[in-house]
Amino acid sequence: MPDEPTQQTYRTLIPLFDELRGERVLVRPYRLEDAEALRAAVDESREHLRPWLPFADAHQTIEESRDWIAHRMADWLLRGDFGMTIWELASGRYLGGIGLHPRDWTIRYFEIGFWLRASAEGHGYVTEAARLVIDFAARGLGANRLEIRCDARNTRSAAVAERLGFTREAELRNNMRAPDGSLRTTLVYGLTPADPAWPRTRE
Amino acid sequence: MNQPSEPPQYVTEIPLFAELRGPRVLLRPYREDDAPALFAAIEESREHLRPFLPWERFHQTVADSRDWIVRMRAQWLLRGQLTVGIWEAATGRYLGGSSYHPPDWDARTFEIGYWLRASAEGHGYMSEAVRLLVDYAFDQLAANRVCITCDARNTRSAAVARRLGFHLEGRLRNHMWSTEGQPRDRLIFALIPDDPRYPSAR
């Protein structure tokens with residue numbers, strides 16, 4: 001069992017972070033001034049997002065993006081859901097989003113979701129960002145289980161989970177609808193403290 | 001694939017059954033006057049339920065059980081959690097309970113949960129009852145998926161799923177917290193419309 005940093009009386013007092021830095025990417029919570037970067041990244045990526053994610057047609061205006069960000073900021077404060085941005089450190093370019101979604105606080109089980117703007121694919125940015133988030137979930141939130149779910153047809157997402165050392169635990173047939181309304185098979189990947197890829201305590 | 005002729009506009013309009021009958025069991029939604037029988041069955045079964053089901057401790061008096069029945073009746077009206085009691089058809093003896101967890105009415109996916117009173121175990125009542133609910137889901141509710149999940153240590157529960165031909169789709173590690181406060185693995189079993197139902201059923 002990892003350290004127990006989340007034994008707080010109030011969930012809103014669980015310590016979070018301002019930013020996480022990797023070698024090439026920076027991960028931090030959303031700010032209202034990210035709205036234009038977010039809108040532009042979604043706008044360039046609609047066709048690329050559409051098969052897998054429900055927001056391919058969202059973020060049509062900067063106001064819509066600001067409203068969406070305000071909700072993510074409120075979720076962050078309430079520790080209800082942790083939506084974050086991914087930036088390229090060298091250039092300051094906005095790359096995409098990554099989320100840590102609490103599924104069960106009793107066992108401290110979180111799902112990780114992510115997307116990348118179309119022009120930033122293929123450089124391993126999501127893998128690097130996910131490692132930072134996994135590290136925070138394990139050490140900062142005392143997670144006992146992390147999960148990545150994706151459509152079985154989404155081979156790029158599945159490859160990220162496998163690259164991160166997650167184990168494919170289940171294939172759920174017809175368990176939900178894809179954005180086009182078709183029934184999909186969902187792959188479930190899990191990572192637990194027993195796995196080699198689980199973050200080790202710092203020396 | 002099952003397609004309902006014209007899906008109702010409101011989920012509260014989705015038709016449901018008044019009762020389901022098998023050779024030996026009868027399933028129907030609870031009525032408030034079932035509270036004493038339900039409470040007595042829980043009383044006799046606490047040790048047997050406690051390792052896997054968290055709710056026995058919420059039934060400390062007959063009034064607790066009656067309150068729960070009222071809330072389940074409301075859930076039935078709203079097409080949320082759909083809970084039935086199970087009775088032995090011949091004697092009218094109360095045997096246990098089963099539910100469709102709140103369905104995803106858009107994707108038409110269902111999960112079934114169940115429990116049997118301690119003294120009714122080992123006669124195949126549960127397999128018969130769950131089979132009625134599986135058939136109703138596919139044949140009347142146009143289910144695209146019916147699943148059963150349980151603690152990996154709950155071999156009796158898993159045996160019901162296996163006996164009905166459910167496929168083991170996976171084992172999610174540390175996915176649930178046991179009633180004793182330990183992380184537990186969860187088994188997920190499912191049937192979809194193309195699967196042969198009950199290939200091994202007796």
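Computed from a predicted model, the values in this text were never measured in an experiment. In what follows, chains carry the letters A, B, and so on, assigned in the order in which the sequence lines appear, proteins first and then strands, with residues in each chain numbered from 1.
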query = Among A/Thr192, A/Ile107, A/Asn175, which residue forms the greatest number of heavy-atom pairs with chain B at distances under 4.5 Å?
reply =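 Maximum pair count with chain B is reached by A/Ile107.
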
Requested in this report: Using a cut-off of under 4.5 Å on heavy-atom pairs, state which of A/Thr167, A/Val188, A/Leu172 scores highest against chain B.
Outcome: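 Counting heavy-atom pairs under 4.5 Å, the top option is A/Leu172.
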
Margin query: Applying ring pair (Phe, Tyr, Trp, His ring centres under 6.0 Å), can you list everything that pairs with A/Phe114, at least two apart in sequence or on another chain?
Written below: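 Testing A/Phe114 for ring pair (Phe, Tyr, Trp, His ring centres under 6.0 Å), a comparison that skips the adjacent residues, returns none.
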
Any side-chain heavy-atom pair from [X] and [Y] closer than 4.5 angstrom?
X	Y	result
B/Arg173	A/Asp195	yes
A/Met176	B/Thr109	no
B/Asn174	A/Pro193	yes

Atom [atom1] of [X] and atom [atom2] of [Y]: how far apart are they, to the nearest 0.5 Å?
X	Y	atom1	atom2	result
A/Tyr109	B/Leu172	OH	CG	6.5 Å
A/Arg173	B/Ile192	CZ	CD1	4.0 Å
A/Asn144	B/His175	CG	NE2	13.0 Å
A/Arg177	B/Arg108	CZ	CZ	9.0 Å

Tell me, yes or no, whether the heavy-atom count around [X] atom [atom1], taken from other residues, nucleotides or ligands under 6.0 Å, exceeds 12.
X	atom1	result
B/Arg24	CZ	yes
A/Arg28	CZ	yes
A/His71	NE2	no

Between B/Gly170 and A/Ala170, which heavy-atom pair has the shortest distance, and what is it?
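Looking at all heavy atoms of both residues, the closest pair is CA-CB, 3.6 Å.
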
| query | For chain B, which residues of residues 145-157 of chain A have at least one non-hydrogen atom nearer than 4.5 Å to it? | reply |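 Those residues of residues 145-157 of chain A which have a heavy atom under 4.5 Å from chain B are A/Arg145, A/Glu147, A/Arg149.
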
Side chain from CB out, backbone as N, CA, C, O: work out which of these in [X] comes under 4.5 Å of a heavy atom of chain A, or both, or neither.
X	result
B/Ile188	side chain
B/Asp195	side chain
B/Leu191	backbone

